[in-house]
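Working notes, structure below.
Computed from a predicted model, the values in this text were never measured in an experiment.
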Amino acid sequence: MRMDTSRMMTILGDTGLYRLTDESFIAGELSAYAAGLSLVYDALEELQRERFLTTAGDRGLRLIESITGRELETAGMEERRTMLLYRLAITQNDFTCAKIGQALTAAGIEASVSEDIDGIYVNVIRLLRPDISEANIAKAAEPFFPAHLPGIFDFLKQSFAVFDEQDMTWSQHDTLDRTWTQFEEYGGK
């Protein structure tokens with residue numbers, strides 16, 4: 001924001017204490033104040049922009065990431081915002097399968113979640129950050145599980161879309177009598 005010296009000159013001129021012209025000493029002094037205040041206003045605008053997750057640039061996102069203990073700099077700005085929004089939205093009442101599935105977005109995955117006596121089953125649908133290893137994603141997801149249930153991850157290499165593209169019915173796939181691991185290795189062929 002640029003400070004306007006004419007506004008300051010008008011306000012001071014209305015007091016009747018000063019004779020203000022563009023060449024007066026006071027006008028020069030007001031110009032210097034305006035230049036200094038413009039720097040302050042610009043800094044304040046940047047701080048205001050950086051303090052909100054939805055408008056923050058790289059600097060603001062890095063500060064928020066340092067608070068959450070997650071450094072996501074290799075992801076794009078929108079992916080970082082999405083993961084941080086989900087991370088900051090988690091409460092102590094969010095231990096349902098649906099809420100855990102939403103929270104896992106903060107760990108960098110889209111997943112379907114189901115619960116069993118053995119733990120929380122996480123079928124990873126899509127990695128939001130392909131640059132992170134499966135082990136690191138599982139570690140980042142740990143805080144979102146209840147303490148008494150471990151997370152059990154399944155990072156599928158093949159999707160149902162792959163099978164749909166093949167010229168086989170599901171009955172024909174079933175006759176091959178393969179496990180999911182074999183389907184992943186052979187692509188359902």
Practice task
Tell me who clusters with Leu63, hydrophobic residues only, linked when side chains sit under 4.5 Å apart either directly or through other members.
Solution key: none
Handout entry: Arg59 side chain vs Glu50 backbone, donor-acceptor pair below 3.5 Å
Key = no
Exercise for the section: State whether the side chain of Thr55 and the backbone N or O of Arg49 hold a donor-acceptor pair below 3.5 Å, judged by distance alone. Expected result: yes
Handout entry: Within-4.5 Å side-chain heavy-atom neighbours: Leu17 and Leu12
Key = no
Practice task
Without swapping roles, check the side chain of Arg81 against the backbone of Ala56 for a donor-acceptor pair under 3.5 Å.
Solution key: yes
Handout entry: Separation between OG1 of Thr105 and CD1 of Ile109, rounded to the nearest 0.5 Å
Key = 8.0 Å
Handout entry: Distance in Å, Leu104 CG paired with Gln102 CD, rounded so as to fall on 0.5 Å steps
Key = 10.0 Å
Handout entry: Chi angles and distances behind the side chain to side chain contact (heavy atoms under 4.5 Å, CB included) call for Val113, Ile120
Key = CA-CA 7 Å; Val113 177; Ile120 303 287; 3.4 Å; yes
Practice task
Answer yes or no: is there a side-chain heavy-atom contact under 4.5 Å between Phe153 and Asn123?
Solution key: no
Fill in the blank from the handout: So salt bridge (charged side-chain N to carboxylate O under 4.0 Å, His left out) across residues 111-120, not counting sequence neighbours, yields none
Exercise for the section: Taking the side chain as every heavy atom from C-beta outward, state whether Leu61 and Leu84 have any pair of such atoms under 4.5 Å apart. Expected result: yes
Handout entry: Distance in Å, Glu29 CD paired with Met8 CE, rounded so as to fall on 0.5 Å steps
Key = 10.0 Å
Problem - Donor-acceptor pair between Glu45 and Tyr41 side chains, under 3.5 angstrom - result: no
Problem - Minimum side-chain heavy-atom gap Ile137-Leu127 below 4.5 Å - result: yes
Fill in the blank from the handout: OH of Tyr121 to SG of Cys97, rounded to nearest 0.5 Å, is 12.0 Å
Practice task
Decide yes or no for Val122 and Ile152: does some side-chain heavy atom of the first lie under 4.5 Å from some side-chain heavy atom of the second?
Solution key: no
Exercise for the section: Measure the shortest side-chain to side-chain distance between Val40 and Leu44 over non-hydrogen atoms and say whether it is less than 4.5 angstrom. Expected result: yes
Fill in the blank from the handout: One should read off an interatomic distance between Glu78 CD and Leu85 CG, to the nearest 0.5 angstrom, of 9.5 Å
Problem - side chain to side chain contact (heavy atoms under 4.5 Å, CB included) assessment of Ile64 paired with Arg80 - result: CA-CA 10 Å; Ile64 296 167; Arg80 290 167 69 188; over 6 Å; no
Problem - Test item: Phe145 and Ile100 side chains (from C-beta on) under 4.5 Å apart, heavy atoms - result: yes
Practice task
Flag the pair Lys99 / Thr96 as yes when at least one side-chain heavy-atom distance between them is below 4.5 Å, and no otherwise.
Solution key: yes
Problem - same_hphob_cluster(Leu53, Met77) at 4.5 Å side-chain heavy-atom cutoff - result: yes
